[in-house]
Amino acid sequence: MSKQVLITGGAGFVGSHLADGLLEAGHEVRILDDLTPQVHQNGLPDYLSRDVELIVGDVRDPNRVREVLRGVDVVFHFAATVGVGQSMYEISRYMSVNTQGTAELLQAMLDAKYTPEKLIVASSMSIYGEGSYVCSECGQHAAPPVRSLAKLRSGEWNLQCEACSGLLRPLPTREDKPSEINSVYALSKRDQEQLCLIYGRNYGIPVTALRFFNIYGTRQALSNPYTGVAAVFASRMLNGKSPLVFEDGDQMRDFVSIHDIVQANLLAMERPESDGEVINVGSGTPISIRHVAELLADALGQERAPVITNKFRAGDIRHCYADISKARRLLGYEPRISHEQGFRELAEWLGGQEAEDKAEVMLKELSTFGLTA
Ligand SMILES: NC(=O)c1ccc[n+]([C@@H]2O[C@H](COP(=O)([O-])OP(=O)(O)OC[C@H]3O[C@@H](n4cnc5c(N)ncnc54)[C@H](O)[C@@H]3O)[C@@H](O)[C@H]2O)c1
């Protein structure tokens, strides 16, 4: 049955793809988005479907929110300021948009006595901090804290077992791993997630928090150098430069195609099994950052080896990738896009974009605040 769906932040990368998926499935889509200049340098993005109802406004504006909630069955709350590094020196903006923005959205729902059939909130793998590990020597499982500045400065990238000093080997990270908050962005994402879940439990609204891992795909904001390492690498290569890889490049992440993210969101909307749950959404296939750079070079037809800088960013984690068995079990989710396929699509799209390379601007800003070395 067709539903009226609201996506906050729906003009962005993830929201606009979800909007297309919802329209294709026969739903009606309304978007509340303030068209943040860092993301939408040229104003209204031309990829946005004409079939969506776009209301330009801030999620922190209660009157606007009350207006957009009218007649809505399902809410996807995606509006956020996105970027781990930047959040460390734009503290008040990140907490205001993400934490306060979510509080305002929920307050407006309550004041308007509005009860959606379902609320889905975009959470993030960043709230885990380091992923899960097991010791390769003594077999003990570990959830270590992030590496100290002293360790990073001495180039000790890998983590060691506290019990026997053996090398810790990464494992897929499950939802029950306690979060280890390590950036303002992560704190604000956990706030968004927890505020929505608390609200849902207390007011009887089915809420699902989807913890997205590293999403890549067309429409990634190239004007925003703080997000999307895949797009940052590709933009550099399209500008004739090699991608700059922190540490030794062997750090593992979970890069998931935007198409699989849309799939998971549509399933979460339909499946009552996901009510009240937090669920990882990743590709289920870990990949090193160095390999990401190599696959992208292949996809772009370049023979450009990544530059392994052996530099670090304060607070960066070594490894974290998703255990997606809960998404499989509760949502019936199955990733369909391989890294080769997905990066090829990203490369083709980037070829037609003005891929401005902003990586150095970002590095300079981080360095000004002593957040990289
Ligand atoms: N892209 C990823 O890899 C990733 C990973 C984990 C979680 N997430 C989460 O997914 C969601 C979508 O991310 P994205 O990659 O599409 O980001 P994006 O920056 O492309 O989209 C965010 C959208 O929110 C809008 N927005 C920002 N502040 C707003 C405000 N105050 N009021 C209304 N709209 C506002 C922006 O204009 C933008 O269109 C975010 O909540 C993000 O934290 C993304």
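Order of appearance sets the numbers: ligands from 1, and atoms from 1 within every ligand. We're numbering straight along the sequence, starting at 1.
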### Query
Hey, is CZ on R174 packed in by over 12 heavy atoms from elsewhere, all under 6.0 Å?
no

### Task
Could I get the full list of side chain to side chain donor-acceptor pair (under 3.5 Å) partners for E117, not counting sequence neighbours?
K3

### Task
Below 4.0 angstrom from a heavy atom of V82, which ligand 1 atoms are there? Numbered from 1 as shown, please.
17 (O), 42 (C), 43 (O)

### Per-atom contacts of ligand 1 with F213, taking only distances under 4.0 Å to non-hydrogen atoms
3 (O), 5 (C), 6 (C)

#### Entry: SB check D260 R336 (cutoff 4.0 Å)
no

### Task
List every atom of ligand 1 that sits less than 4.0 Å from any heavy atom of V39, numbering the atoms from 1 in the order shown and giving each element.
19 (O), 20 (O)

### Message
Using a 3.5 Å cut-off on N or O atoms only, is S124 in polar contact with ligand 1?
### Response
no

### Task
Enumerate the atoms of ligand 1 whose separation from the nearest heavy atom of A11 is less than 4.0 angstrom.
39 (O)

### Carboxylate-amine/guanidinium proximity below 4.0 Å for D316 and R147
no

### Query
Is G57 near ligand 1, meaning one of its heavy atoms is under 4.0 Å from it?
yes

### Task
For ligand 1, find out whether one of its N or O atoms is nearer than 3.5 Å to an N or O atom of F212.
no

### Message
If I apply the N/O under 3.5 Å rule, does N214 come out as touching ligand 1?
### Response
no

### Query
Backbone N or O of I181 within a donor-acceptor pair of the S179 side chain at under 3.5 Å?
no

### Proximal ligand 1 atoms for H40, defined as those under 4.0 Å from one of its heavy atoms
37 (O), 38 (C), 39 (O)

### Query
Quick one: side chain to side chain donor-acceptor pair (under 3.5 Å) partners of R219, sequence neighbours excluded?
S16, D20

### Summary
Check: of Q192, K189, R60, Q100, min heavy-atom distance to atom 41 (O) of ligand 1 comes from K189

### Co-membership, hydrophobic cluster, residues I317 and V229, 4.5 Å side-chain
no

### Message
Show me which atoms of ligand 1 lie under 4.0 Å from any heavy atom of V97.
### Response
28 (N), 31 (N)

### Query
Donor-acceptor pair, Y47 side chain versus A11 backbone, under 3.5 Å?
yes

### Query
Counting from 1, what ligand 1 atoms have a heavy atom of A122 closer than 4.0 Å?
9 (C), 10 (O), 11 (C), 41 (O)

### Query
Which one of S123, S126, G15 has a non-hydrogen atom at the shortest distance from atom 7 (C) of ligand 1?
S123

#### Entry: N265 backbone acceptor or donor facing Y333 side chain under 3.5 Å
no

#### Entry: Distance-only N or O hit between ligand 1 and G12, under 3.5 Å
yes

### Query
At the 4.0 Å heavy-atom cut-off, does Y185 count as touching ligand 1?
yes

#### Entry: Residue of the set K311, R318, K151 for which salt bridge (Lys or Arg N to Asp or Glu O under 4.0 Å) holds with E247
R318

#### Entry: Interfacing atoms of ligand 1 (cut-off 4.0 Å, heavy-atom, L35)
37 (O)

